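Step one of this worksheet: look at the structure below.
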2 protein chains.
Amino acid sequence: MMGIRAQQKEKTRRALVDAAFNQLNAERSFSSLSLREVAREAKIAPTSFYRHFKDMNELGLTMVDEGGLTLRQMMRKGRQRAEAGGSVIRISVDTFMEVLESNPNVFRILLHERSGTSAPFRAAVAREIEHFISELAHYTEATAKRSPELARAQAEALVTLVFNAGAAALDMKRVDRKILADRLVIQLRMVAKGSEALQHKMDK
Amino acid sequence: MMGIRAQQKEKTRRALVDAAFNQLNAERSFSSLSLREVAREAKIAPTSFYRHFKDMNELGLTMVDEGGLTLRQMMRKGRQRAEAGGSVIRISVDTFMEVLESNPNVFRILLHERSGTSAPFRAAVAREIEHFISELAHYTEATAKRSPELARAQAEALVTLVFNAGAAALDMKRVDRKILADRLVIQLRMVAKGSEALQHKMDK
DNA sequence: ACTTTGAGCGTACATCTGTACGCTAATTTA
DNA sequence: TAAATTAGCGTACAGATGTACGCTCAAAGT
């Protein structure tokens with residue numbers, strides 16, 4: 001069991017992480033946050049920050065990991081929904097858009113730091129995205145009988161298109177998101193269809 | 001003709017733009033540059049900066065416009081090469097990778113600011129990318145007989161995949177870029193094939 | 001009951017930032 | 001030729017930043 005002291009520490013740590021997430025929005029990226037701003041929002045003295053993180057980078061990496069986890073958990077829930085029947089693509093896209101809407105800031109940090117200036121950050125985001133890709137590749141390889149290479153290329157393309165649409169959707173109103181989602185579904189179908197065609201060509 | 005004075009001013013302005021481009025690299029984004037740093041690199045006093053740009057944002061937008069222009073010019077040259085025969089996809093990808101290699105910083109600013117924190121920047125980058133998409137959509141609509149909607153979705157998917165691969169390629173060594181390029185070609189073929197299949201389905 | 005630990009604080013400092021202001025000197029205009 | 005314009009400079013300042021240092025005092029350990 002956790003002592004009173006450890007509990008309080010954990011609480012403050014959470015306050016820091018939450019403070020950082022809350023400060024993210026379309027005009028504010030993680031790298032533009034200062035240690036002092038985060039500390040201010042979390043209502044602790046700037047110097048107390050160091051009791052929890054070595055520096056802002058460490059906080060950021062924590063956020064990326066946490067964000068990736070949240071994301072995967074939510075998508076997994078969506079997949080369960082898909083098992084009930086219906087178009088896997090459609091349901092996945094809808095789930096994704098819902099996640100996007102309810103956790104925009106989790107997305108922002110992933111999307112922004114993916115092309116950010118810190119190599120460790122980029123690596124961390126790449127790792128998270130890699131989870132999605134390989135899960136999807138295995139799924140496709142098994143259910144649609146693709147060669148490993150093709151399954152991999154296909155999964156990568158799908159994830160790329162989805163994430164990219166996600167980035168665009170972040171700035172949009174609901175109506176425009178709907179249009180975007182519809183187009184995304186078409187694009188994903190293109191990839192799926194095309195991959196199938198390439199597989200057939202290889203098979204004969 | 002341009003007076004001595006105007007010539008000198010233009011020269012300094014260029015020095016500022018070049019200085020900014022030169023400071024960009026994997027660890028340094030435009031938004032992390034300070035006015036003073038740029039001025040220092042261009043060898044003018046910080047306050048002289050204002051004789052040329054209202055602020056750093058104005059410099060940045062100039063760079064985005066210039067970068068987009070450079071990019072389109074180079075891709076156009078590549079397309080001429082494609083007209084001589086061969087796979088359009090393969091040649092376009094190769095051209096793209098060459099451009100990437102010779103102008104990495106032009107790319108960096110576009111890729112980074114695409115998901116950056118400044119709305120005007122994002123809009124400017126979106127505008128540049130839109131050029132590519134619509135050129136490509138028209139091309140596909142004409143030569144491959146797609147419906148406008150399908151051509152648009154296809155072009156968007158292609159450009160997304162290419163730009164995304166470009167972002168990944170920026171950090172890579174030549175060998176890995178080759179692998180990436182090959183996979184990209186496969187993915188683009190998927191989209192093209194799949195789009196064709198969807199079009200046929202619509203036609204009947 | 002005692003000592004030790006450590007989360008959080010306040011003060012302090014060097015460094016960097018954007019930019020206001022006024023000057024100079026060379027070019028342009030009249 | 002005299003007057004007006006303006007690119008570039010130097011000085012100056014207020015504000016923000018990261019972080020070193022030492023203190024307090026409640027909890028944990030003995």
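What you are looking at is a predicted structure, and each value in this text was computed from that prediction instead of being measured. Chain letters run A, B, ... following the sequence lines, proteins first, then strands; residues in each count from 1.
Distance NZ (B:Lys11) to P (D:dG8): 11 Å, rounded to an integer number of Å. Per the geometry, CG belonging to B:Leu16 stands 13 Å off P belonging to D:dA7, to the nearest Å. To the nearest angstrom, P of D:dT19 lies 11 Å from CE of A:Met56. Straight-line distance from the CD1 atom of B:Ile4 to the P atom of C:dA25: 19 Å, rounded to whole Å. The distance between atom CZ of B:Arg36 and atom P of D:dG10, rounded to the nearest whole Å, is 12 Å. Taking atom NZ of residue A:Lys54 and atom P of nucleotide D:dG18, one finds them 14 Å apart after rounding to whole Å. Going from atom CZ of B:Phe49 over to atom C1' of C:dA20 covers 16 Å, rounded to whole Å. Remark: P of C:dT19 and CG of B:Leu35 are 7 Å apart, rounded to the nearest angstrom.
Judged purely by distance below 3.5 Å, without hydrogens or angles, the side chains of A:Ser115 and B:Arg114 never pair a donor atom with an acceptor atom.
With C:dG18, D:dT17, C:dT17 as the candidates, the nucleotide lying closest to the side chain of B:Arg40 is C:dT17.
Mapping A:Leu33 and A:Ala6 onto DNA chain D by nearest heavy atom places A:Leu33 at the nucleotide closer to the 5' end.
A salt bridge links B:Glu37 with B:Arg28: the distance from a Lys NZ or Arg NE/NH1/NH2 to an Asp or Glu carboxylate oxygen falls below 4.0 Å. Using a 4.0 Å cut-off between charged side-chain N and carboxylate O, A:Glu141 and A:Arg152 make no salt bridge. With respect to the salt-bridge test (charged N to carboxylate O, under 4.0 angstrom), the residues A:Asp18 and A:Arg13 do not qualify.
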**Message:** Please evaluate residues A:Asp171 and A:Arg177 with respect to the criterion salt bridge (Lys or Arg N to Asp or Glu O under 4.0 Å), reporting the C-alpha separation (whole Å), side-chain torsions for both, the decisive distance (0.1 Å), and the verdict.
**Reply:** CA-CA 9 Å; A:Asp171 286 341; A:Arg177 276 191 203 183; over 6 Å; no
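The salt bridge (charged side-chain N to carboxylate O under 4.0 Å, His left out) search around B:Glu58 returns none, not counting sequence neighbours.
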Restricting both atoms to N or O, compile the protein contacts to nucleotides 7-9 of chain C shorter than 3.5 Å, with distance only.
unit_1, atom_1, unit_2, atom_2, d
C:dA7, OP1, A:Lys9, NZ, 3.1
C:dA7, N7, A:Arg51, NE, 3.3
C:dA7, N7, A:Arg51, NH2, 3.3
C:dG8, OP1, A:Thr12, OG1, 2.5
C:dG8, OP2, A:His52, NE2, 2.5
C:dG8, N7, A:Arg51, NE, 2.9
C:dG8, N7, A:Arg51, NH2, 3.2
C:dG8, O6, A:Arg51, NH2, 2.5
C:dC9, OP2, A:Ala45, N, 2.6
C:dC9, OP2, A:Ser48, OG, 3.3

